[in-house]
There are 2 protein chains.
Amino acid sequence: MTRNVRSYGHFCVTARALESVGDRWSLLVIRDLLTGAKRFTDLMDRLAGITPKTLSQRLDELADTGIVVADRAPGRREVWYHLTPAGADLGPVIDDLNWWGLRHAWRWPQAGEPLHAEHLLRCAIQAIDLAAGSREPARWHFRIGGADYLAESDGHQWTLTAGAPPDAADVTITATTQSLIALIFAGSDAGIDITGAPGPVRRFREEIGTLATVVGPAQARSGSVWP
Amino acid sequence: MTRNVRSYGHFCVTARALESVGDRWSLLVIRDLLTGAKRFTDLMDRLAGITPKTLSQRLDELADTGIVVADRAPGRREVWYHLTPAGADLGPVIDDLNWWGLRHAWRWPQAGEPLHAEHLLRCAIQAIDLAAGSREPARWHFRIGGADYLAESDGHQWTLTAGAPPDAADVTITATTQSLIALIFAGSDAGIDITGAPGPVRRFREEIGTLATVVGPAQARSGSVWP
DNA sequence: CTGGATCCATGATGATACTG
DNA sequence: CAGTATCATCATGGATCCAG
């Protein structure tokens, strides 16, 4: 296998960190594993445009560096990739990049641009976090096209994890990716089911559209919402 | 010119951020500009191994993205590159990478490995920050081989800036890069001049060696301190 | 079907030399 | 000082194929 061994050769921990995660796609792989373990094809779905060769190579490199572990159980077909504690420590880096991108590299969804519900949720949650509205804890359970996500705020910080929550959430949202887009960007709840106590549901409806308003109106019309 | 226009084409602000700063060397250029404006050759010195072509290309790309500005004064030979506010907003990303690298990608200086005083100071300050010793404000003025740096703590966070401080610092340290290495990694103050009031100087002496102790002793002997 | 590997094309990066 | 020019190499992408 061709292994990317290109290093900077500097005494600088920033450079050394980038030797581990600075290759193309690496941080996006880590981003997708931050919400929970994934299979090879789960990652292929989210990383639209990556080739299996590159994904395979990145996973091997990240495993060598101790950031990712491949869980291969005997007698089980699937391989589940998950982050080590060192890998999970990269969460703040991803969050900062996400935060910077939201403020300085935002663009409305373009026609035909791949848009995965998981990334949209991450972005929407970050916008809510950035806008710093309510600081009350919250637990929102999303069911998007059969996949479950839990967006959770402890009052200080939001986190997004894949999988159904073990115990009941405040609000449960059932939607498709398309109807979720319409809800976030246009406030339309057509084809969406939102359940929960009135208070939490009201707060959810107030805050879920934050992403569409936190970006300036000057940028708002430079792109299309509909792929 | 060959311009790197490779994009991910995803609706994801993390991916969009990485389209701006995810190329090889980009974040290291930003790291070096975070301490203040630099000339082309200043950057070449710090980014050992980069070719002038690549540096030129990165600076052009970062200027296109609104992260860097080239200051060309008429009648002046030098071009000074500095960060825009959007570029300065990448500080937390660099700090997090530095922090991750310190904990998970640390290695003692290797023989012949390029080591710039500015990067060593950044790393040493980060280690002090990580160890979370004293939370008192401090201002340390380093004079390393003719270049001035100010390491400053407001009690919560340390910052490193290039250039002499406008007003007096608590401690002034005059050294060469080699003697600074010896001070940080071996506690030796041979060839170093440390001036200031007894209290701040004592604190400086206590904390400057933090980098050498914060990394585990198991790793401590896997490399050489002396290039 | 998942989880890749292989082959080839292309574009980004590196090495070296040179210039306004 | 601040780059450019040329050539070589390597990483990535596209397409296809294969094993369990």
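So you know, we letter chains A, B, ... as the sequences are listed, proteins then strands, and number each from 1.
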N or O in side chain of A:S56 less than 4.0 angstrom from C:dG3 OP1/OP2: no

Nearest-Å distance for atom pair CG/P, residues B:L59 and D:dG3: 8 Å

Pair A:W80-A:F40, ring pair (Phe, Tyr, Trp, His ring centres under 6.0 Å): steps then yes or no: CA-CA 7 Å; A:W80 288 88; A:F40 193 87; over 10 Å; no

Net bend of the helix from C:dC1-D:dG20 to C:dG20-D:dC1, end axes of five pairs each, nearest 10 degrees: 40°

Exam field: side chain A:H141 to backbone A:A168, donor-acceptor pair closer than 3.5 Å: no

From CZ (B:R122) to CG (B:D95), nearest 0.5 Å: 6.5 Å

Any donor-acceptor N/O pair, A:S56 side chain to A:K53 backbone, under 3.5 Å: no

Gap between atoms CD and C1', on A:Q57 and D:dA11 respectively (whole Å): 8 Å

B:E78 CD to D:dA2 P, straight-line distance once rounded to whole Å: 6 Å

Plane angle bin for B:F204 and B:W140 - parallel if under 30°, tilted between 30 and 60°, otherwise perpendicular: perpendicular

Nearest heavy atoms of A:W100 and B:A17, plus distance in Å: CE3-CB, 3.8 Å

Spacing between B:D45 atom CG and D:dA2 atom P, to the nearest angstrom: 11 Å

Residues B:R76, B:D71; criterion salt bridge (Lys or Arg N to Asp or Glu O under 4.0 Å); working and verdict: CA-CA 10 Å; B:R76 174 156 54 73; B:D71 181 0; 3.7 Å; yes

Atom pairs, N/O to N/O, protein against nucleotides 18-20 of chain D, distance under 3.5 Å?
from	atom 1	to	atom 2	distance (Å)
D:dG20	N2	A:R77	NH2	2.2

Atom-to-atom span, CG of B:D60 to P of C:dT13 - whole angstrom: 13 Å

Test item: B:T41 side-chain N/O and B:M44 main-chain N/O as donor-acceptor pair under 3.5 Å: no

Length of the line joining A:K38:NZ and C:dT2:P, which is rounded to integer Å: 16 Å

Under 3.5 Å side-chain donor-acceptor pair for B:E61 and B:S26: no

Phosphate OP1/OP2 of D:dG3 contacted by B:R72 side-chain N/O (<4.0 Å): yes

Whole-Å gap separating P (D:dC1) and CG (B:L43): 13 Å

What pairs of nitrogen or oxygen atoms, one from the protein and one from nucleotides 13-17 of chain D, lie under 3.5 Å apart?
from	atom 1	to	atom 2	distance (Å)
D:dG13	OP1	A:R24	NE	2.8
D:dG13	OP1	A:R24	NH2	3.2
D:dG13	OP1	A:W25	NE1	3.0
D:dG13	OP2	A:W25	NE1	3.0
D:dG13	OP2	A:T54	OG1	3.3

Length of the line joining B:R58:CZ and C:dG14:C1', which is rounded to integer Å: 12 Å

Donor-acceptor contact present, side-chain B:R46 to main-chain B:H119, <3.5 Å: no

N/O donor-acceptor pair under 3.5 Å between A:Y8 side chain and B:W25 backbone: yes

